[in-house]
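These notes are about the structure you will find just below.
Letters go in sequence order (proteins before strands), and every chain restarts at 1.
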Amino acid sequence: MEQARMEDSFGEWFSRVIREAEIMDPRYPVKGLCVWLPYGMKLRNLVISIIRRLLEERGHHEVLFPLLIPEDAFNREAEHIRGFENEVYWVTRGGGEELDVKLVLRPTSETSMYPMFALWVRSHADLPIKVFQVVSVFRHETKMTKPMIRVREVTTFKEAHTAHSTREEAEAQVREAVEIYRKFFDELGIPYVITKRPEWDTFAGAEYSIAFDTLLPDGKTLQIGTVHNLGQNFSKVFGIEFQKPDGGHDHVYQTCYGISERVIAAAIVVHGDELGPCLPPKVAPIQVVIVPIVFKDEREPTELSHALLQELERGGIRAHLDLRNLRPGNKFYYWERRGVPIRIEVGPKEARWRKVTAVRRDTRKRIEIPIEELLDKIKTLLVEMEVEMKKRAWDKLNERVRKVGKLDDFEKITGGIAKMSLCGGGCAREAEERTGFKILGEELDSKPSGRCAVCGRAAERTVLMARSY
RNA sequence: GGGGUCGUGGGGUAGCUUGGUCUAUCCUUCUGGCUUCGGGAGCCAGAGACCUGGGUUCAAAUCCCGGCGACCCCA
């Protein structure tokens, strides 16, 4: 029942929530650009710290490349230009002077990084290169923009780039990237499907692309991560060459993969309810908020609250004590709208009985915790919430992935993800035309079985279809 | 890419059709004070708006055109 309104008007829900939760202010006077507010920035930084840790654990090193790319570097890879030329911003003037070499604001950093790779790589011993950066990228989107979901400045692009001495190694890197991204989304409890994108939807300049999509309440999918095998397409045009142990030369084999702030949108949305977000405990800027309930002259609740705050902070919990002169009910709503996972109420009763009342944001269940057990119980509760939130989000997604045996059965599905078998022929286009859904891609590692949902011949692939953002 | 709707205090709105007491409505928010505090308290006082540029007109929030911005539908 609560979900209904979220499903009907997801766009409205989302912009209301990010504003009320003080995550972003979308009113910046340039289309497609938004302001990260302090609370949102903390959330963003916590999310970044997870992916940073995961990448570094697997031997990636953080770097920072310039925002501006010279025209000739940008124009070197033909497919890549074709993919981006219609949406890049140009810097053509410095002060009053026209620039001799026009510059683009990076829409992604291949053409910024790879000329440098060419300088860095001499021998096979210089490989592999595994670097990443977290930066803004700019794309002049012509379609309707939406905070965090379709923007002209992607402010939190976490892009990794690798170079290897063999095709096999690059292939293995693609697999490693997929595993890293799985872990990343798992830590945030965001459910996903993984597909190999069809050729028309492959990254500009890549041999193939693998993508993660999640499902939003309105039934449309949202691409939240991509992994690309670039083969030697870029290394050949940028001259990234190395000497092999046997003395011969070869161009490097490359991969790149990236995740934008859409992952933050997903974290807000997939765990949200009518009131707003329930932030995953791992990234919630405030994990526990303490609300003292103070009657006239009583001082115990406030004093006890201070002591509890200290204990939680010492235990590594991100806690906050709300001492504002507002009534408790008002504070409850305030923190629920900000997605704080746990609220602790400390009133005269708690002070007297040496226990506190904890309330979960996701289920709104009340739990009594003896004060001496507080830290342990809160830690356990945060982990429990994380596990349950993840499970609920996955259940919600799985409910909306439906197997379609024959295309004629399709009419029943209004949103979500359709899974069907197809032959190797041209039935994909017919499936798209008759359903209005687009093919996300072939399910990763799926083994085709049964018959083509369109023509009935033996199936050669399993595809996922959906309406997408 | 094609089509449509719409811009009024920080947020949400009334007014626009038929231009004129609009000195712009209501709710919320915010500020100061009193009083309160177990799910958005109450009272008093106060703050705050016609997106932008041009045009029509004696007169524009209201009508016309451009720009910027927001939202929706279709491909």
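If you take atom P in B:U5 and the same atom in B:A60, they sit 26 Å apart, rounded to whole Å. Using P as the reference atom, B:C68 and B:G53 are 15 Å apart when rounded to the nearest Å. Spacing between B:U21 and B:A59 at atom P, rounded to whole Å, works out to 15 Å. B:U29 and B:C65 are spaced 37 Å apart, taking the C1' atom of each and rounding to whole Å. Going from the P atom of B:G38 to that of B:G20 covers 49 Å, rounded to whole Å. The same atom, P, is picked in B:C58 and in B:G11; the two are 37 Å apart, to the nearest Å. Distance noted for atom P between B:U36 and B:U23: 43 Å (whole Å). Straight-line distance between the P atoms of B:C6 and B:U18: roughly 15 Å, to the nearest whole Å.
For B:U62, there is no paired base (Watson-Crick or G-U wobble, both distances below 3.5 Å). Pair check for B:U56 finds none; no Watson-Crick or G-U wobble contact set falls under 3.5 Å. With a cut-off of 3.5 Å on both Watson-Crick or G-U wobble distances, the partner of B:C6 is given as B:G69. Shown here, B:U13 forms no base pair; nothing in the strands shown gives a Watson-Crick or G-U wobble contact with both key distances under 3.5 Å. Across all strands shown, nothing is found opposite B:U36 as a Watson-Crick or G-U wobble partner with both distances under 3.5 Å. Base pairing analysis places B:A47 opposite B:U29; the two distances defining the Watson-Crick or G-U wobble pair are each below 3.5 Å. A 3.5 Å limit on both hydrogen-bonding distances identifies no Watson-Crick or G-U partner for B:A41.
Across the protein-nucleic acid pair, A:Tyr333 atom OH and B:G38 atom P stand 13 Å apart, rounded to whole Å. Whole-Å rounding puts the A:Leu326 CG to B:U35 P distance at 17 Å. Atom C1' of nucleotide B:G38 and atom CZ of A:Phe332 are separated by 6 Å, given to the nearest angstrom. Rounded to whole Å, atom P of B:G40 lies 9 Å from atom CG of A:Asn330. Computed from coordinates, the A:Glu87 CD to B:G1 P distance equals 11 Å when rounded to whole Å. Separating the CZ atom of A:Arg343 from the P atom of B:G38 is a distance of 12 Å, rounded to the nearest angstrom. Atom-to-atom, CG of A:Asn325 to P of B:U31 comes out at 12 Å; the value is rounded to the nearest Å. Between the CD atom of A:Glu432 and the P atom of B:A75 there is a distance of 13 Å, given to the nearest Å.
OP1 or OP2 of B:G40 has not a single side-chain nitrogen or oxygen of A:Arg327 nearer than 4.0 Å. Under 4.0 angstrom from either OP1 or OP2 of B:G38 there lies no side-chain N or O belonging to A:Thr357.
A salt bridge links A:Asp213 with A:Arg197: the distance from a Lys NZ or Arg NE/NH1/NH2 to an Asp or Glu carboxylate oxygen falls below 4.0 Å. Between A:Asp362 and A:Arg392 there is a salt bridge, with a side-chain nitrogen of the basic residue lying less than 4.0 Å from a carboxylate oxygen of the acidic one. Electrostatic pairing of A:Lys355 and A:Glu368 counts as a salt bridge here, judged by a charged N lying under 4.0 Å from a carboxylate O. The pair A:Glu79-A:Arg82 counts as a salt bridge, with a side-chain nitrogen and a carboxylate oxygen less than 4.0 angstrom apart. Between A:Glu430 and A:Arg434 there is a salt bridge, since a side-chain N of the basic residue sits under 4.0 Å from a carboxylate O of the acidic one. The pair A:Lys419-A:Glu443 meets the salt-bridge criterion, since a charged nitrogen lies less than 4.0 angstrom from a carboxylate oxygen. Salt-bridge check for A:Glu141 with A:Arg152: failed, with every basic side-chain N at 4.0 Å or more from each acidic carboxylate O.
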Q. How does each nucleotide of nucleotides 69-74 of chain B score, in 5' to 3' order, for protein heavy atoms under 4.0 Å: base (B), sugar-phosphate only (S), or none (-)?
A. SSBB--
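Residue contacts for A:Pro292: at a heavy-atom cut-off of 4.0 Å it reaches no nucleic acid atom on any strand shown. Contact annotation for A:Arg324: no contact, since no heavy-atom pair falls under 4.0 Å across all strands. Within the nucleic acid shown, A:Glu298 has no heavy atom closer than 4.0 Å to any nucleic acid atom. As judged by a 4.0 angstrom heavy-atom cut-off over every strand, A:Lys349 is placed among the base-contacting residues.
Between the side chains of A:Ser109 and A:Glu159, at least one donor N or O sits under 3.5 Å from an acceptor N or O. Remark: the A:Ser468 side chain and the A:Thr221 side chain contain an N/O donor-acceptor pair separated by less than 3.5 Å.
No donor-acceptor contact under 3.5 Å links the side chain of A:Glu336 to the base of B:G40. Taking 3.5 Å as the limit, the base of B:G38 and the side chain of A:Glu350 contain a donor-acceptor pair of atoms between them.
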Q: Take A:Phe203 and A:His80, measure what ring pair (Phe, Tyr, Trp, His ring centres under 6.0 Å) needs, and give me the verdict at the end.
A: CA-CA 8 Å; A:Phe203 178 72; A:His80 191 71; 5.7 Å; yes
List every contact pair, protein side and nucleotides 7-12 of chain B side both N or O, where the distance is under 3.5 Å.
unit_1 : atom_1 : unit_2  : atom_2 : d
B:G10  : O3'    : A:Arg27 : NH1    : 2.7
B:G10  : O2'    : A:Arg27 : NH1    : 3.0
B:G11  : OP1    : A:Arg27 : NH1    : 3.4
B:G11  : O2'    : A:Arg19 : NH2    : 3.4

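With A:Glu336 as the partner, the salt bridge (charged side-chain N to carboxylate O under 4.0 Å, His left out) test is satisfied by one option alone out of A:Arg361, A:Arg343, A:Arg360: A:Arg343.
Taking the nucleotide of RNA chain B with the nearest heavy atom to each of A:Arg337 and A:Lys143, the more 5' of the two is matched to A:Arg337.
Between A:Trp335 and A:His320, the two ring planes are tilted [angle within 30° to 60°].
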